[in-house]
Amino acid sequence: MMDYVVAAVTALLLIAGALFALSAAIGLVRLPDLYTRMHSASKAGTVGSGLLLFAAGLYSEDSVILARALAGFIFFLLTAPVSAHLLARAAHRSGYDLGDISVRDDMAKR
């Protein structure tokens, strides 16, 4: 009975992770400029890959592998948004313009 519960939870995590990864991929294709694309990739991509990693760790039914998967998920949560912010800041400083749909530039020099 417990195997079915683990399999069902793993399946739900895989589906949720795949949906987040799909939304990140759609955001990369559909969003208008570098900054919004990076937002999509860093937020939805991080959660999607983290859920997929957690599902793999859970399905292994080994506490050491699950602990490594959780550590990887925490690493994703800590590093991806910071790196996306730094890349966006570097792009802004190098002169990459915002998309036409953007209404405000908080980092513009006054």
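No hydrogens, no waters, no symmetry mates; every other heavy atom, side chains included, goes into these values.
Going from atom NE2 of H85 over to atom CZ of R89 covers 5.5 Å, rounded to the nearest 0.5 Å. Rounding to the nearest 0.5 angstrom, the gap separating the CG atom in L12 from the CG atom in L51 is 11.0 Å. Distance CD1/I15 to OG1/T10: 11.0 Å, rounded to 0.5 Å.
Few gaps surround NE2 on H92; more than 12 heavy atoms of other groups in view lie less than 6.0 Å from it. Annotation for I101: atom CD1 does not count as buried by contact number, only 12 or fewer foreign heavy atoms lying within 6.0 Å.
With side-chain heavy atoms closer than 4.5 Å counting as contact, directly or through intermediates, the hydrophobic cluster containing L77 also holds F73. Hydrophobic clustering, defined by side-chain heavy atoms of Ile, Leu, Val, Met, Phe, Trp and Tyr closer than 4.5 Å, groups L87 together with L34, Y35, M38, Y96, L98.
With a 4.5 Å cut-off on side-chain heavy atoms, L14 and L52 count as touching.
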Show me the donor-acceptor pairs within less than 3.5 Å that the side chains of residues 59-67 make with the rest of the protein, sequence neighbours left out.
| from | atom 1 | to | atom 2 | distance (Å) |
| --- | --- | --- | --- | --- |
| S60 | OG | G57 | O | 2.7 |
| S60 | OG | D62 | N | 3.4 |
| D62 | OD1 | V64 | N | 3.4 |

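Using a 4.5 Å cut-off between side-chain heavy atoms of Ile, Leu, Val, Met, Phe, Trp and Tyr, with links allowed through other members, V47 and V9 fall into the same hydrophobic cluster.
When all heavy atoms of L58 and V6 are compared, the closest pair comes out as O-CG1, 3.9 Å. Shortest non-hydrogen contact noted between G48 and F20 is CA-CB, 3.5 Å. When all heavy atoms of G27 and R37 are compared, the pair lying nearest together is O-CG, 4.0 Å. For the pair L78 and V82, the tightest heavy-atom approach, listed with the atom from each and the gap, is O-CG2, 3.4 Å. When all heavy atoms of S23 and S40 are compared, the closest pair comes out as O-OG, 3.8 Å. Taking both residues in full, the closest heavy atoms of T46 and A80 are given as OG1-CB, 3.0 Å, listed atom of the first, atom of the second, then distance.
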